There are 2 protein chains.
Amino acid sequence: MVDEALSAGAAARRLGVAVTTLRTWHQRYGLGPSAHEPGQHRRYTADDMNRLQIMQRLTAQGVAPAAAAAWAGNRPPAVPVPEQAAPRPESAVRGLAGAAMRLDAQVMRDILGSVVRERGVVPAWTEVMTPVLIGIGNRYQSTQRFVEVEHLLSRIITEVLASVQQAAGPPRIMLAAADEEQHTLPLEALAAALAEARVPSRLLGARVPPGALLDAIARTGPAAVVLWSQRPATGSVDQLTRVRDNPHPPFVVAAAGPGWPTGDLPLGITRLTGLAEAVHLLTLA
Amino acid sequence: MVDEALSAGAAARRLGVAVTTLRTWHQRYGLGPSAHEPGQHRRYTADDMNRLQIMQRLTAQGVAPAAAAAWAGNRPPAVPVPEQAAPRPESAVRGLAGAAMRLDAQVMRDILGSVVRERGVVPAWTEVMTPVLIGIGNRYQSTQRFVEVEHLLSRIITEVLASVQQAAGPPRIMLAAADEEQHTLPLEALAAALAEARVPSRLLGARVPPGALLDAIARTGPAAVVLWSQRPATGSVDQLTRVRDNPHPPFVVAAAGPGWPTGDLPLGITRLTGLAEAVHLLTLA
DNA sequence: CGGAGCTTGCGTCGATTTGTGCGTCGATTT
DNA sequence: AAATCGACGCACAAATCGACGCAAGCTCCG
């Protein structure tokens, strides 16, 4: 019950910090009640409390408070997915599927290239690439043919996604497939979408064993790490916790893909449930 | 977005060097934060970071650090990539290997891109890509680390090779990996080399089962077919003969890669033993 | 071909700066 | 009257500072 306005003391008690600390956070990092006039008492809404909890979780993980606050601060209230608006992806889907069956790489490149250029990476992925991939996959599953169609399609998609120009500057986001996990196309889409938003990232590739992953993290110190798991067999949670419990842990450790266990993930692990949401979250890191 | 003011540690982490190294660069070459008073902590602005990145990119290409620092030091921040004298293959190998170990995708792309542009696909493949791939592969074989380095390198090579513009027109050459064969990088190199010679080709991809291959041949009627086999386990000869004995056989059926049996191949099957030779032969087809 | 000498990246050490949570105080809000 | 506000300050820990040194990779020279 209760909502619509926690006082400073109540909020502090709920979070287990001193009242003065909340004031300090507000003054130093701007992390306070969204609407507050100087001199008046602070009123923490549910949204504000969410922000504070993120702040707390990150700092508990060892993130520097200033960085944690910056991260938790300009973070809109969950629930993303604006999505939609369609000039007609349907014809692109049909054309792409046809070109794929004819093994016509050039036309495939043209179609995908123009979709990415005109509508952006995220719609291209969710409304064109994914449907066609699934369609071909189904055909392949029933008959034993069309493997080569599937491979060619994957290759062209990889090519088109890779052609999205990476922004300059050192990447602070690391993307990797879980141990034994072969699929990387979704990660490539994420990398391309981030590149489109001028956020550089580092895509390690398929089948990254935990040791190599930790090694790479230690060597490059990313601000965020995304692990993709396609099948439950590759979604072992301790890969995530080992990343989190690093000496220099990333600000954000995120799990993406259907392979991870449903239900709650360990503390400090973020679940990404869609490409749009992932981009939104990671561009803030 | 007024976050610019990186601490020494943060700057070092983003560049992938040790904190002490940044201090050394400052002391030895004067390459440090533009405004810094002795005793105070260093604050690296975006401009400073740009300078450091130039420094890093130059050294990665084999430039002596002292010279690189002098060059990066008094230089307006606007110019990103100097792209100076043609890198000798040897220094390109060294620089590429270093960038790969640092997981620096941007520098890898720059190096490979310029090598391909200035020397062509074939030398780039035989003198730079192959040596570094083998070198990293060896390291990976002994220790269990560096898988991620290998994957990233493969990905970047794929990317660079794919960026070689395909010539227009219907492809009459089909390239495919043998059944169960995972490796396609050599085929990608071949496709790129052909593209460079303005010969369009069709690269099917990895693990093409015989049925799918015959199917694809029937649907597109290529003049030449190249099958790649990396390991003897995937080099079963009847894949070749079945292609040859098609109702509408290609003019040329070629076997490439170390997986095929040594000694004589069946009648009408050509063996390709090198990239240069393959390009030469296929451009005549 | 081997060793002297140079450059260079980086680990270590004691001293100092900086970041951070929170207690205290007089004034103001609820 | 109780709770909170803004300002100030303090203690503690983390990060960084400057100095020094070492080892690996060169270049040159006998």
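Small disclaimer: the values here were computed from a predicted structure and weren't measured. We name chains A, B, ... by the order of the sequence lines, and we start the count at 1 in each one.
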Point to revise | Distance, rounded to the nearest Å, where B/Trp25 contributes CH2 and C/dG9 contributes P | key: 6 Å
Practice item. Quickly work out the B/Leu52 CG to C/dG9 C1' distance and round it to whole Å. Key: 15 Å
Review point. Can you tell me if CZ on A/Arg13 sees more than 12 non-hydrogen neighbours from other groups inside 6.0 Å?
Key: no
**Study point:** d(CD, B/Gln27; C1', D/dA19) in whole Å
**Key:** 8 Å
Practice item. Please check the phosphate of C/dT20 (OP1 and OP2 only) for any side-chain N or O of A/Thr21 closer than 4.0 Å. Key: no
Practice item. Nearest whole angstrom, please: distance from the P of D/dT4 to the CZ of A/Arg43. Key: 9 Å
**Study point:** Partner nucleotide of C/dC10 by Watson-Crick or wobble geometry (both distances under 3.5 Å)
**Key:** D/dG21
Review point. Quick one: is D/dT4 close enough that its OP1 or OP2 comes under 4.0 Å of any side-chain N or O from A/Ser7?
Key: yes
**Study point:** B/Glu188 (side chain) donor-acceptor with B/Ile157 (main chain) under 3.5 angstrom
**Key:** no
Practice item. Please state whether the phosphate of C/dT18, meaning OP1 or OP2, lies under 4.0 angstrom from any side-chain nitrogen or oxygen of B/Gln40. Key: yes
**Study point:** Donor on one side chain, acceptor on other, B/Thr45 and B/Asp47, under 3.5 Å
**Key:** no
Practice item. Could you tell me whether a side-chain N or O of B/Glu277 sits under 3.5 Å from a main-chain N or O of B/Thr273, the two making a donor and an acceptor? Key: yes
Study note, to complete from the structure: Separation of C/dT28 atom P from A/Arg23 atom CZ, nearest Å, is 16 Å
**Study point:** Counterpart base for C/dA27, defined by Watson-Crick or G-U wobble contacts under 3.5 Å
**Key:** D/dT4
**Study point:** For atom NE2 of B/His26 and atom P of D/dA19, their distance in whole Å
**Key:** 12 Å
Review point. Choosing from C/dT8, C/dC10, D/dG6, which nucleotide comes nearest the side chain of A/Arg42?
Key: D/dG6
Exercise for review: Quickly work out the A/Tyr29 OH to C/dG19 C1' distance and round it to whole Å.
Suggested key: 7 Å
Check your understanding: Touch check for A/Arg28, heavy atoms < 4.0 angstrom, all strands: base, sugar-phosphate only, or nothing?
Key -> base
Exercise for review: Return yes when atom NE2 of A/His183 has more than 12 non-hydrogen atoms of other residues, nucleotides or ligands closer than 6.0 Å, and no otherwise.
Suggested key: no
Check your understanding: Between B/Ala67 and A/Gly16, who's closer to the 5' end of DNA chain C by nearest nucleotide?
Key -> B/Ala67
Practice item. Figure out the NE2/C1' separation between A/His41 and C/dA27, and round it to whole Å. Key: 11 Å
